[in-house]
There are 2 protein chains.
Amino acid sequence: MAQDHQDTTHQGMEKAGPGKGAADQATLLSNQLCFSIYSAAHLFNRTYKPLLDRLGLTYPQYLVMLVLWSGDGLTVKAIGEQLDLDSGTLTPLLKRLEAAGLVSRQRDPQNERLVRVTLTGAGRALQDHLGTVQQAILCATGLNLDGLKALKVQVDELRAGLAANLGPADQDG
Amino acid sequence: MAQDHQDTTHQGMEKAGPGKGAADQATLLSNQLCFSIYSAAHLFNRTYKPLLDRLGLTYPQYLVMLVLWSGDGLTVKAIGEQLDLDSGTLTPLLKRLEAAGLVSRQRDPQNERLVRVTLTGAGRALQDHLGTVQQAILCATGLNLDGLKALKVQVDELRAGLAANLGPADQDG
DNA sequence: CACCAACGAATTGCGCGCAATCTATTTGCG
DNA sequence: CGCAAATAGATTGCGCGCAATTCGTTGGTG
C-alpha cells in the first residue's frame, strides 16, 4: 500500500520569500491535491481490477458497459462524450469488447459515418454482476453516505474549474 | 470540455428493490465518485500538459523531478515508494529523463543492486520553473485555500480507505 | 565455503489516453 | 451538379501503469 504521502512536504517553493504564506500554502496544496487525485485514481483502478478481472473487463471497458447498459445503440462519439474519451481510445477498446462478444459494432445505414455500438446477449447478461462490484467498491472506500456526497460534490467542483480553464486558458509564453 | 457528468444517473442498480434507498444511493455515489476521480485525474493531466511541454516533461516525469528536487541521490525503489510506482514504470521513465540530460543513473558501489538517481545541472536548473507551473495549476483549479484544504483532506481519507482494503481484502470467489 | 532465499532493478507484454494524421461520408454552397 | 468544409471513425506513435518474469547481487544458513 505504498506510503502515507499526505504529510510529506517535498513539493518545493523555495523561491518565495516570507510574508506571503497563504499564497505559498495554496500553491503547495494544489500541487499535493493533484498528486492525491492521481494516486486515488490508481488506487481505485487497483481496487476494481480483481473484481473486474472475473468479468474479463478493464475499468475503462466497464465504464463503456455502464454507458451502454443505460442506453444501448449509441455511436462512438456519444459514448466518448459521456466518458470524455476520443476515438483513438475508444475504437481499439470497442474492438476488444466486440472480440469478447459483449458488443457489436456496425455502421448506421442512414449515415455511414456513424458506428453504432450495440450490446449482445452476453453483454446484457454481464449487468447481473453490477451490484456485486459496486457494493465491493463502496465498501473499499471506507466512506459513508455523507462522506461520499461531500467528496463527490467537491471533486465535481474541481472538475468544473479545470474544464473551464482548458478551452480558454492557453496563453502561450 | 466534454460534458457535465455530475447529474447523469446512468450507473444502474435496477436489481435492488424499494425500501433500501440509502444503500442504493451509496453504491451509486461510490460508483460516480470513482468516475469523478478518474475524470479529474485526466483533466489535471491535460491542464499540466501545455505547461510541462515547455519543460519537456510529462506529469509522471514531473513527479519524479519533484521527488528528486526534495532529496537527490535516491534509489529507484525509494522514488517508487514516494510515488507508489514500480520499476516497470520507473525504469523506462528514468531512462528517458537520463536521455534528456536531467538525471544520471548509476549503481551504488556499496550495493550493486541499487541504482541511485542523481540530478544533473540541467535537472536542478529546471526547478526554477516550478513556481510558474504550480501557480498556473492553482489558478486552473478555481479553488481557494479552504476549498483546496477540505478537498485534499477528504481525498486522502479516501486514499487511506482504498489502500487499507487493497492488502487485506482479496476475498476470492 | 556452498547454497538458497531475498532483494532491487530491468524486461516483456498489454491496455489505456491522447496528439496527430488519414479516410470516407455527408453537408453546404455556388 | 461539383467541390470544399465539416464530420465520424480509424490509424499511428509514444508514454505511462501494472502484472509477470528474468537477471544479478546480497545475505543468511548449514
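Computed from a prediction, not measured in an experiment: that's the story for all the values here. Throughout, protein chains are lettered first and strands after them, A, B, ... in sequence-line order, and every chain is numbered starting at 1.
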Engineer: With a cut-off of less than 4.0 Å, is there a side-chain N or O of B/Tyr38 near OP1 or OP2 of C/dG17?
Structural biologist: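 Indeed, a polar side-chain atom of B/Tyr38 lies that close.
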Engineer: Please state whether the phosphate of D/dG17, meaning OP1 or OP2, lies under 4.0 angstrom from any side-chain nitrogen or oxygen of A/Arg46.
Structural biologist: no
Engineer: For the side chain of B/Ser87, counting heavy atoms from C-beta on, which of D/dG9, C/dA10, D/dT11 is nearest?
Structural biologist: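 Closest of the options to the side chain of B/Ser87: C/dA10.
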Engineer: Taking only N and O in the side chain of B/Arg105, is any of them less than 4.0 Å away from OP1 or OP2 of C/dA10?
Structural biologist: yes
Engineer: Could you say whether B/Arg96 or A/Thr75 is positioned toward the 5' end of DNA chain D, judged by the nucleotide with the nearest heavy atom to each?
Structural biologist: A/Thr75
Engineer: Indicate whether OP1 or OP2 belonging to D/dG15 is found under 4.0 Å from a side-chain N or O atom of B/Thr58.
Structural biologist: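 Checking B/Thr58 against D/dG15: no side-chain N or O falls below 4.0 Å of OP1 or OP2.
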Engineer: In whole angstrom, give the distance that lies between atom CZ of A/Phe35 and atom C1' of D/dG17.
Structural biologist: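 Roughly 13 Å, once rounded to whole Å.
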Engineer: Output the rounded distance in Å from CG (A/Asp84) to C1' (C/dC16).
Structural biologist: 14 Å
Engineer: Over how many whole Å does the gap from A/Leu57 atom CG to C/dG15 atom P extend?
Structural biologist: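 Taking CG of A/Leu57 and P of C/dG15, I get 13 Å after rounding.
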Engineer: Mind checking A/Asn45 for me? I need base, sugar-phosphate or nothing, with any heavy atom below 4.0 Å counting as a touch.
Structural biologist: nothing
Engineer: For DNA chain D, whose closest nucleotide is more 5', that of A/Lys49 or that of A/Asn111?
Structural biologist: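 Its nearest nucleotide lies further toward 5', so the answer is A/Asn111.
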Engineer: Does D/dT11 have OP1 or OP2 sitting under 4.0 Å from an N or O in the side chain of A/Lys95?
Structural biologist: yes
Engineer: Nearest to the B/Leu85 side chain among D/dC18, D/dG9, C/dC18, which nucleotide is it?
Structural biologist: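 Selected nucleotide: D/dC18.
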Engineer: In whole angstroms, how far is the P atom of D/dG24 from the CG atom of B/Leu114?
Structural biologist: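 Rounded to whole Å, this separation is 17 Å.
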Engineer: If the cut-off is 4.0 Å, is A/Gln110 near the phosphate of C/dT26, judged by side-chain N/O to OP1 or OP2?
Structural biologist: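 For C/dT26, neither OP1 nor OP2 has a side-chain N or O of A/Gln110 closer than 4.0 Å.
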Engineer: Starting from P on C/dG15, measure out to NE2 on B/His42 and report it in whole angstrom.
Structural biologist: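 For the pair B/His42 NE2 and C/dG15 P, the rounded distance is 17 Å.
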Engineer: Rounded to the nearest 0.5 Å, what separation is found between the CG atom of A/Leu143 and the CD atom of B/Glu157?
Structural biologist: 7.0 Å
Engineer: Are the aromatic ring centres of A/Tyr38 and B/Tyr59 under 6.0 angstrom apart?
Structural biologist: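 Between B/Tyr59 and A/Tyr38, which both carry aromatic rings, the centre distance is below 6.0 Å.
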Engineer: Return the CD to CG distance between B/Gln135 and B/Leu130, rounded to the nearest 0.5 Å.
Structural biologist: 9.5 Å
Engineer: Check the phosphate of C/dA6 against B/Arg113, side-chain N and O only, distance under 4.0 Å to OP1 or OP2. Yes or no?
Structural biologist: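 No.
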Engineer: Please report, rounded to the nearest Å, how far the P atom of D/dG17 is from the CD1 atom of B/Ile79.
Structural biologist: 14 Å
Engineer: Report yes if at least one side-chain N or O of B/Thr89 is closer than 4.0 Å to OP1 or OP2 of D/dG15; otherwise report no.
Structural biologist: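 The answer is no; no side-chain N or O of B/Thr89 sits under 4.0 Å from OP1 or OP2.
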Engineer: Taking CG from A/Leu63 and P from C/dC16, how many angstroms apart are they, rounded to a whole number?
Structural biologist: 10 Å
Engineer: Rounding to an integer number of Å, can you tell me how far B/Glu81 CD sits from C/dC7 C1'?
Structural biologist: 12 Å
Engineer: Show, in sequence, the C-alpha distance, side-chain angles and deciding distance for A/Asp84 and A/Arg159, and conclude whether the salt bridge (Lys or Arg N to Asp or Glu O under 4.0 Å) test is met.
Structural biologist: CA-CA 12 Å; A/Asp84 200 5; A/Arg159 287 212 289 150; over 6 Å; no
Engineer: Within the structure shown, what part of the strands sits under 4.0 Å from A/Leu90 by heavy-atom distance: base, sugar-phosphate, or nothing?
Structural biologist: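 Answer is nothing: A/Leu90 stays at 4.0 Å or more from every strand.
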Engineer: Side chain of A/Leu93 only, heavy atoms from C-beta on: which candidate in D/dG9, C/dC18, C/dC16 is closest?
Structural biologist: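 Ranking D/dG9, C/dC18, C/dC16 by closest atom to the A/Leu93 side chain puts C/dC16 first.
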Engineer: If each of A/Asp86 and A/Glu112 is mapped to the nucleotide of DNA chain C with the nearest heavy atom, which maps nearer the 5' terminus, i.e. the 5' end?
Structural biologist: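 Closest to the 5' end, via its nearest nucleotide, is A/Asp86.
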Engineer: Under 4.0 Å between a side-chain N or O of B/Arg107 and OP1 or OP2 of C/dA9?
Structural biologist: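 So the side chain of B/Arg107 is outside the cut-off, no N or O lying under 4.0 Å from OP1 or OP2 of C/dA9.
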Engineer: Can you find a heavy atom in the side chain of A/Ile79 that is under 4.5 Å from one in the side chain of A/Leu68?
Structural biologist: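 A side-chain contact under 4.5 Å exists here.
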Engineer: Nearest 0.5 Å, what's the CD1-CG distance between B/Ile137 and A/Leu33?
Structural biologist: 10.5 Å
